[in-house]
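Have a look at the structure below, then the notes.
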Amino acid sequence: MIEIPVKTSKRNQFVDLTKEIQSAVGKSGVKNGFCVVYCPHTTAAVTINENADPSVQVDIMGKLSKLVPEGEGYSHAEGNSDAHIKSAIIGNSRIVLVQGGKLVLGTWEGIFFVEMDGPRQRKVLVSVLSE
Ligand code: ZN
């Protein structure tokens, strides 16, 4: 298992980890198999989406924040229920296929850590398994 540290600087933020995760795949020595990317945080998430146009990230976060507004009518006393709910919607892990030592991703795809209660020091865990 490889741990990737992630330092976020905003409350809501996409962090492209594609290069770091590809590097973890390289270090594992696995040529064909799959890569598990896991976020061990309850107010953050991991997703795969477009990394060519950053306005896609703005649209995703903007719509999520409209669907799940910050700070009204929640039971959880910590004041970050919106982040917990958005984390549950997106999900905390992804599995990516590995072929020839490379992540199998679409042309416009990247793997993102999604911060929703930052800024914080975070981490993403990666495990690469052979077929
Ligand atoms: Zn909380």
Side-chain angles (χ1 to χ4, degrees):
M1 187 178 77
I2 293 165
E3 184 175 318
I4 300 171
V6 183
K7 189 169 174 48
T8 60
S9 58
K10 297 176 188 165
R11 184 163 198 270
N12 294 302
Q13 184 180 2
F14 274 66
V15 181
D16 188 345
L17 294 181
T18 313
K19 283 182 186 145
E20 289 83 352
I21 294 164
Q22 178 58 60
S23 169
V25 170
K27 280 182 196 155
S28 75
V30 172
K31 294 298 170 208
N32 297 302
F34 50 95
C35 172
V36 179
V37 182
Y38 177 72
C39 161
H41 305 288
T42 61
T43 54
V46 172
T47 194
I48 296 173
N49 217 289
E50 174 161 338
N51 67 355
D53 179 0
S55 64
V56 173
Q57 300 161 29
V58 173
D59 286 346
I60 292 171
M61 200 59 89
K63 183 56 79 174
L64 275 172
S65 294
K66 278 194 183 133
L67 289 169
V68 189
E70 190 180 346
E72 350 169 316
Y74 300 113
S75 300
H76 179 52
E78 209 180 17
N80 60 356
S81 276
D82 64 309
H84 288 287
I85 294 165
K86 288 184 275 189
S87 168
I89 290 170
I90 298 174
N92 59 1
S93 68
R94 288 293 185 274
I95 296 171
V96 186
L97 298 174
V98 172
Q99 198 166 43
K102 302 275 182 206
L103 293 165
V104 179
L105 292 168
T107 305
W108 310 112
E109 284 184 327
I111 307 169
F112 293 92
F113 177 84
V114 188
E115 175 64 84
M116 291 168 289
D117 193 27
R120 287 175 188 257
Q121 183 64 51
R122 305 287 206 171
K123 65 185 169 190
V124 166
L125 305 174
V126 176
S127 185
V128 191
L129 299 131
S130 187
E131 275 181 352

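Indexing begins at 1, ligand by ligand and atom by atom, following the structure's order.
Between Val30 and Gly33, the shortest heavy-atom distance links the atoms CG1-N, 4.3 Å.
Here His76 contributes NE2 and Glu78 contributes OE1, and at the Zn ion (ligand 1) these two atoms make an angle of 100°, given to 10°. The angle subtended at the Zn ion (ligand 1) by NE2 of His84 and OD1 of Asn80 is 100°, given to the nearest 10°.
Looking only at atom types and distance, the side chain of Thr43 has no donor-acceptor partner in the side chain of Arg11 under 3.5 Å away.
The distance from the Zn ion (ligand 1) to the nearest N/O/S atom of Thr43 is not under 2.8 Å.
Here Thr18 contributes atom OG1 and Ile48 contributes atom CD1; the two are 8.5 Å apart, rounded to the nearest 0.5 Å. Atom CG of residue Asp82 and atom CG of residue Asn12 lie 7.5 Å apart, to the nearest 0.5 angstrom.
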